[in-house]
Amino acid sequence: MKLFEYMAKEIFRNNGIPVPNGRVFSQAGDLAEFVSQNGAVAIKSQILSGGRGKAGGIKFATTPEEAVAKAGELLAADIKGLKVDKVLVEEKIAIDQEIYLAITVDGTRRKPVLLASMAGGVDIEQVPEEKLIKRLIDVSIGLNPYAAREITRQLGLTGSAAKEAADLMLKLYNVFRTYDAELVEINPLVIAKGHVLAADAKMTIDDECAYRYQPDVPIVDERTEAERKARDLGISYVELDGEIGVMANGAGITMATLDLIQEFGSSPRNFMDAGGGSGEEATAKALEILLETKPKALLINIFGGITRCDDVARAFVKVKNSMEINIPVVIRLVGTNEEAGISILRENGIDSYKKIDEAVSKVVALVKNEDSAAVVAAGDAVKA
Amino acid sequence: MKLFEYMAKEIFRNNGIPVPNGRVFSQAGDLAEFVSQNGAVAIKSQILSGGRGKAGGIKFATTPEEAVAKAGELLAADIKGLKVDKVLVEEKIAIDQEIYLAITVDGTRRKPVLLASMAGGVDIEQVPEEKLIKRLIDVSIGLNPYAAREITRQLGLTGSAAKEAADLMLKLYNVFRTYDAELVEINPLVIAKGHVLAADAKMTIDDECAYRYQPDVPIVDERTEAERKARDLGISYVELDGEIGVMANGAGITMATLDLIQEFGSSPRNFMDAGGGSGEEATAKALEILLETKPKALLINIFGGITRCDDVARAFVKVKNSMEINIPVVIRLVGTNEEAGISILRENGIDSYKKIDEAVSKVVALVKNEDSAAVVAAGDAVKA
Amino acid sequence: MAIILDDKIKIIVQGITGNQGQFHTGQMLAYGSTIVGGVSPGKAGQEVQGVPVYETVEEAMQVQTADASVIFVPAKLVKDASLEAMEAGIKTLVIITEHVPLHDAMEIMDYAEKKQVGIIGPNTYGIISPGKSKIGIMPNSIFRPGPVGVVARSGTLSYEIVFQLSSAGIGQSTVLGLGGDRIVGYSFIDILEKFESDPGTQAVVMVGEIGGNAEEEAAQYIRERMSKAVVAFLAGKSAPPGKRMGHAGAIIERGKGTFESKVAALSAAGVQVASLPWEVGEMVKRAL
Amino acid sequence: MAIILDDKIKIIVQGITGNQGQFHTGQMLAYGSTIVGGVSPGKAGQEVQGVPVYETVEEAMQVQTADASVIFVPAKLVKDASLEAMEAGIKTLVIITEHVPLHDAMEIMDYAEKKQVGIIGPNTYGIISPGKSKIGIMPNSIFRPGPVGVVARSGTLSYEIVFQLSSAGIGQSTVLGLGGDRIVGYSFIDILEKFESDPGTQAVVMVGEIGGNAEEEAAQYIRERMSKAVVAFLAGKSAPPGKRMGHAGAIIERGKGTFESKVAALSAAGVQVASLPWEVGEMVKRAL
């Protein structure tokens with residue numbers, strides 16, 4: 001769950017991290033008073049995407065009239081394909097230095113990692129490795145003053161800026177930990193008149209912990225309507241733009257199924273991991289989501305482990321009985337309660353493949369041949 | 001630093017630990033309204049000593065008049081030799097079960113330890129080992145729900161009382177950690193109508209951290225005036241009731257010096273560890289504290305390490321020059337900057353012993369013989 | 001022979017009275033696993049599939065010492081259950097639960113490091129040493145004993161590969177799922193080391209996916225230290241960047257963790273990388 | 001021979017620019033200790049007694065790897081300095097500072113356990129292997145090389161005993177102060193074990209005091225595991241119960257940690273307990 005800049009800055013401010021004086025607006029007309037009180041301002045479109053500045057999403061103004069006009073432009077615009085609902089208006093900062101600072105998770109080392117560089121203000125992916133400081137954090141002791149001091153030393157900071165930057169790092173780690181963040185990023189952290197200030201702010205909160213932050217932190221959702229529906233079902237679902245709708249169980253096998261569809265010459269309409277242990281009803285709802293995206297064919301690839309083949313079979317029968325399916329469907333069913341699942345499908349006149357290559361080649365062939373059989377029974381599946 | 005029961009309960013209450021409804025009073029007359037609103041009450045004298053109940057420090061009343069009278073008695077009384085300044089008046093609890101619960105520090109294992117027993121309400125020292133549950137706590141993970149659940153299981157608690165007790169333990173550990181406590185103790189933790197309640201509360205906060213809690217937690221000081229003075233100088237000082245005033249540097253050697261004085265047939269007036277690294281001025285002030293207690297003689301036993309013999313010598317010369325010393329003083333000086341110290345003393349007409357046995361036997365002899373030489377020079381000290 | 005799990009390992013099931021706990025306890029018992037107790041707060045004294053249920057792991061361990069524990073509790077309670085098992089002396093912990101909070105997972109791993117506990121998961125199907133014992137949720141029918149070690153990030157894809165191997169007559173020494181989350185316990189390298197020194201393992205199949213750099217690090221280890229043949233299969237070739245493909249770890253971010261970089265690293269380390277799942281069996285056969 | 005400290009150990013001084021840090025750096029150098037750097041935030045680039053000063057331990061370690069660090073920083077900063085040293089790779093940490101908060105000390109010890117660091121102190125004079133090196137604040141003049149190991153809870157009392165030993169012509173292999181606080185790193189047992197296996201140590205003098213049960217536990221270890229002779233001296237015979245005699249640990253609470261219980265435990269373990277400090281030398285002589 002990503003937060004908008006203005007939300008992240010609100011959290012920063014509440015946790016003692018200095019941010020520029022600013023306010024968020026949805027209506028351009030409302031800016032005038034703030035700008036007349038604060039003078040020169042930056043007007044920043046609130047979108048969940050990097051590279052906002054280059055894309056024209058940040059404008060500057062010195063008078064209320066100019067600010068209202070430019071905010072109006074931004075609020076009417078699409079920046080990087082995203083609609084701008086809000087702008088954050090901040091006092092303009094006289095920047096002396098720009099620093100990159102972030103805390104995220106190093107999956108390989110299983111620990112938080114702090115990243116810092118004096119090459120701030122630019123896309124951090126452009127910064128060469130040797131200019132990027134990486135420091136792993138031991139969660140049992142957290143980030144401590146000595147570590148922050150060592151980082152500011154490596155950055156080459158001195159005097160009050162070094163002290164303030166070190167102090168800010170400790171507070172940023174506190175935010176990272178307290179808000180279950182996956183990422184907190186300040187790019188740039190600026191030094192202006194000897195003091196440090198978070199000129200930008202990015203935060204991504206662990207989706208699994210989002211519930212802890214309602215209503216303090218409003219949930220920002222980048223998902224499509226179907227993705228949200230799937231999420232509510234506890235199903236991993238990503239919309240793609242191909243031909244064949246896919247439901248499988250397990251992220252790995254789902255990815256591999258998409259890969260195979262591509263390998264065999266078609267393309268996937270979606271990624272859908274129906275997960276482990278989903279019951280009959282959830283599986284049925286997941287199938288409904290798939291059908292709503294109007295794929296040319298459906299491939300159901302179930303390898304039962306925690307998922308039981310009989311549940312999937314029952315679910316599919318239920319959906320088949322309750323809604324009209326007018327595209328080809330190929331089912332592959334193997335694993336836990338496989339026999340029960342196959343027999344439920346048989347009782348309902350549906351056969352299933354046991355081998356994945358046969359299932360995939362069949363569904364691709366059906367799409368290519370525009371075959372319109374609703375459910376394909378494959379006698380040769382038994383050979384597997 | 002020990003806290004009064006009412007202070008500890010205030011902290012408990014603020015941290016979600018249930019305590020009886022109650023209020024603290026300094027004037028007996030003020031009780032009437034509280035009692036008329038709450039009915040039967042317990043009136044508990046606020047003193048820093050265990051065994052308060054047996055010593056008559058807790059009384060019960062059912063009417064405002066009775067309560068005012070009994071509070072008046074307590075506020076006029078000395079309980080266990082301690083003057084009662086305040087009483088805590090609480091609703092009377094219908095107790096079903098009494099549990100002992102405490103968290104303190106296990107020095108040998110270097111970890112916090114939780115102690116619990118179903119034999120609550122009595123002096124915990126009387127409880128046999130096999131009825132006392134001890135559980136070490138790993139500070140890197142703290143006390144966790146599973147551990148609290150295991151403790152309540154071992155106590156034999158069930159149902160809502162078990163759940164509430166487990167929850168209370170987690171909160172008690174939180175208080176222990178947050179307030180830098182050496183000890184938090186609830187004896188008894190009572191079960192009344194299926195709910196848990198801290199009927200008593202003891203807390204001792206690490207002296208080294210007391211500064212963190214001003215003014216939230218008022219400092220309660222059990223020290224004498226001289227002990228407080230010494231504390232302000234950063235000196236360890238304990239008043240005893242013998243004849244010979246002692247100043248040494250290092251707790252171990254000070255204790256050993258007291259032991260030797262006793263071994264040689266006299267008794268120490270005090271324990272004073274002038275500490276490591278005390279400068280000239282602090283040493284002088286420490287000597288002044290000693291002399292104010294009117295010992296029959298003084299023994300200064302300095303083995304220089306972090307303490308430098310020349311500092312002590314200079315300090316002693318200064319005190320000798322600024323105040324009249326009319327009791328015998330024996331000095332023993334050895335270690336860091338020993339030669340410089342000895343030479344400073346010599347320049348001022350003072351000699352010193354190098355061997356501890358000679359110094360102690362000399363000071364004891366002086367007390368026994370009522371020898372009044374202000375400063376004793378010992379030629380044979382050089383032999384050591 | 002096998003790694004980590006053999007038929008002597010005694011197992012506790014945490015969350016045994018839940019749906020999944022009950023079902024898979026039955027499946028594990030059916031496979032021959034030695035389950036000495038289950039844990040479910042408030043349910044002590046009950047039995048599940050004949051297994052006694054205790055209030056805490058500590059209580060269970062007082063009755064009979066166990067070596068391993070498998071966790072089926074809800075995601076929010078996984079941290080508590082994991083610390084509990086480790087403090088009680090469990091040395092192998094299998095965390096089946098998915099959606100474990102990221103920071104909880106980091107704290108679990110930190111404590112595991114301190115207590116020297118081996119963790120499989122979270123978000124794993126567990127571990128099985130075919131013909132000996134299993135701890136987890138994999139279907140019993142597809143495995144058969146043999147000389148090939150299998151280690152995977154993802155679950156069901158492992159089954160697919162194992163199914164291919166077994167169908168081709170190739171049995172497995174141990175099959176283990178590292179877990180699909182960003183933070184998991186054992187890494188490819190940890191398991192490759194164990195397979196390398198296991199006399200019962202002659203070749204290894206490694207099932208990876210896009211995201212992170214675990215496969216690249218494994219490739220370096222294989223190149224420098226491994227004598228046994230390794231065959232790899234990787235999922236996610238068709239995945240677009242920036243999309244999280246189900247697993248928290250399966251995402252190409254900032255141009256890192258791509259399918260191509262993994263294939264390149266593994267190939268350079270002498271690993272045969274199968275393009276299609278059913279090629280794995282053939283490659284392993286040639287390597288044996 | 002000696003334990004923990006020999007002339008090859010390279011040392012860092014944390015808090016080197018303070019009064020105590022400066023003075024004792026000079027004293028250590030005078031004794032022949034190898035000090036490779038000092039640390040003092042905001043003072044990097046300076047020199048103290050010819051020793052270069054760095055901003056952090058990590059910076060110092062980049063210039064020259066050290067084995068040990070000695071801490072002279074104020075009590076409130078000890079936790080930070082200790083964690084810093086341990087994270088930077090220091091394996092022996094000597095904490096001179098007194099008045100370290102109790103909970104800070106517990107956190108330091110916990111991290112030390114995780115990082116396998118040996119901690120001497122807090123509230124210690126340090127460690128000296130006479131004729132080789134010292135890390136701490138003990139007076140240089142009283143020690144002489146020899147076959148007797150000395151381990152003590154309290155500082156100046158160690159000097160007294162060592163002074164008696166040296167005066168009697170008995171030299172020391174290593175002399176070490178555990179520290180006077182309730183929570184300290186090395187225990188009597190840890191050090192007795194090291195002396196037991198040190199070929200350069202023929203007998204051990206143990207200097208204890210009232211409070212806690214460290215001496216009683218040491219007695220049990222000596223009885224069960226130790227072959228070398230141990231002589232003990234204990235302080236606090238005359239101390240009244242409930243009074244904290246300077247050291248946080250030196251207090252008889254709840255009837256535990258009395259002089260009598262310690263004498264009884266040690267005597268039962270075959271330890272000779274000296275009643276007077278100057279008896280120690282004679283007892284050791286007979287034991288050698």
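These values consider heavy atoms only, across backbone and side chains, with no hydrogens, waters or symmetry-generated copies. Numbered from 1 within each chain, the chains take letters A, B, ... in sequence-line order.
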Using a 4.5 angstrom heavy-atom cutoff, name the option from [options] with the most pairs to chain B.
| options | value |
| --- | --- |
| D/Gly212, D/Ser141, D/Gly185 | D/Gly185 |
| D/Ala235, D/Ser154, D/Gly180 | D/Ala235 |
| D/Glu217, D/Lys237, D/Glu160, D/Glu209 | D/Glu160 |

Could you check whether [Y] and [X], counting side-chain N and O atoms only, form a donor-acceptor pair closer than 3.5 Å?
| X | Y | value |
| --- | --- | --- |
| D/Thr25 | D/Gln49 | no |
| D/Gln172 | D/Ser166 | yes |
| D/Tyr111 | D/Glu87 | no |
| D/Ser261 | D/Glu216 | yes |

Pair D/Tyr159 and D/Tyr125, ring centroids less than 6.0 Å apart: yes
Distance flag, aromatic centroids of B/Phe303 and D/Phe163, threshold under 6.0 Å: yes
Nearest atoms (heavy-atom pairs only) where B/Ala181 meets D/Leu102: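 Smallest interatomic distance, heavy atoms only, reads O-CD2, 4.3 Å.
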Can you say whether [X] sits under 4.5 Å from chain B via the side chain, the backbone, both, or neither, judging by heavy atoms?
| X | result |
| --- | --- |
| D/Arg244 | both |
| D/Met109 | side chain |
| D/Lys76 | side chain |
| D/Pro101 | both |
| D/Ile189 | neither |
| D/Asp104 | side chain |
| D/Val184 | backbone |
| D/Phe233 | side chain |
| D/Ile142 | side chain |

Ionic contact status for [Y] with [X], cut-off 4.0 Å:
| X | Y | result |
| --- | --- | --- |
| B/Arg110 | D/Glu107 | no |
| B/Arg332 | B/Glu358 | no |
| B/Arg314 | B/Asp310 | yes |

With a 4.5 angstrom heavy-atom cut-off, could you sort out which part of [X] is near chain D: side chain, backbone, both or neither?
| X | answer |
| --- | --- |
| B/Asp259 | both |
| B/Val105 | both |
| B/Leu240 | side chain |
| B/Thr254 | neither |
| B/Leu258 | both |
| B/Phe176 | both |

Ring geometry between D/Phe72 and D/His24 (parallel below 30°, tilted from 30 to 60°, perpendicular above 60°):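 Parallel.
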